[in-house]
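Taking it in order: structure first as structure tokens, then the write-up.
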Amino acid sequence: MSVTQSDPVDHDMADEPVYVISVAAKLAGLPSWTLRVLDKEGVVCPQRTEKDRRLYSDRDIAKLARVRYLTEERGVNINGVKLILEMENNSTGRSELGRFGEGEQS
DNA sequence: TTTCTAACA
DNA sequence: TGTTAGCA
């Protein structure tokens, strides 16, 4: 009796990789190939099973959802998302971004 | 970006 | 059988 769920072991949050690429893509609202690119770029950190199956955790889904806003609403490329997430990972949320336009397609 | 093939569960 | 992963 500590937190909400009554689990013997300490399960804090969704860190269990149980979502395959198609499920993660649906939850994030992104196409499957995008998740594959994000993984190649090192934007997301999906666990890999013995058969090379990418398993995404709720933690990855949350990051994917942010990527979807940047790519869908803001029109940022994978390269831009990688840069933005890289800044958030390095800086405590203080991004001194001037005015740099990413290569945007119509 | 899209599609095809191969392997796995 | 359906789905995933990798490449051209």
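Computed over heavy atoms, backbone and side chain alike; hydrogens, waters and symmetry mates excluded. The structure displayed is predicted, hence computed values, not measured ones. In what follows, chains carry the letters A, B, and so on, assigned in the order in which the sequence lines appear, proteins first and then strands, with residues in each chain numbered from 1.
Here the SG atom belonging to Cys45(A) is positioned 5.5 Å from the NZ atom belonging to Lys63(A), to the nearest 0.5 angstrom. Expressed to the nearest 0.5 Å, how far CD of Gln47(A) lies from CD of Glu16(A) amounts to 11.5 Å. For the atom pair Arg74(A) CZ and Ile84(A) CD1, the distance stands at 9.0 Å (nearest 0.5 Å).
Taken residue by residue, residues 35-50 of chain A places heavy atoms nearer than 4.0 Å to DNA chain C at Arg36(A), Arg48(A).
Every side-chain contact (heavy atoms from CB on, under 4.5 Å) that Val23(A) has, sequence neighbours left out, goes to Tyr19(A), Val20(A), Leu27(A). Considering only residues two or more places apart in sequence or on other chains, Glu41(A) meets the side-chain hydrogen bond (donor to acceptor under 3.5 Å, both in side chains) condition with Lys82(A). Arg66(A) pairs by the salt bridge (charged side-chain N to carboxylate O under 4.0 Å, His left out) definition with Glu88(A), not counting sequence neighbours.
Among residue pairs with one or both ends in residues 29-39 of chain A, those qualifying as side chain to side chain donor-acceptor pair (under 3.5 Å) are Asp39(A)-Arg54(A); sequence neighbours excluded.
A sub-4.0 Å separation between OP1 or OP2 of dT3(C) and a side-chain N or O of Arg53(A) is absent. Contact annotation: Arg54(A) reaches the phosphate of dG6(C) (side-chain N/O to OP1 or OP2, under 4.0 Å). Look at Ser32(A) and you won't find any side-chain N or O under 4.0 angstrom from OP1 or OP2 of dT4(C).
The distance from atom CD1 of Ile78(A) to atom C1' of dT1(B) is 12 Å, rounded to the nearest whole Å. dA5(C) atom C1' lies 13 Å from atom CG of Leu55(A), rounded to whole Å. The distance between atom CH2 of Trp33(A) and atom P of dA8(C), rounded to the nearest whole Å, is 19 Å.
Just one of Leu70(A), Val67(A), Val37(A) meets the side chain to side chain contact (heavy atoms under 4.5 Å, CB included) condition when paired with Ile78(A); it is Val37(A).
In DNA chain B, the stems built from three or more successive Watson-Crick or G-U pairs (distances below 3.5 Å) are B:4-9 with C:1-6.
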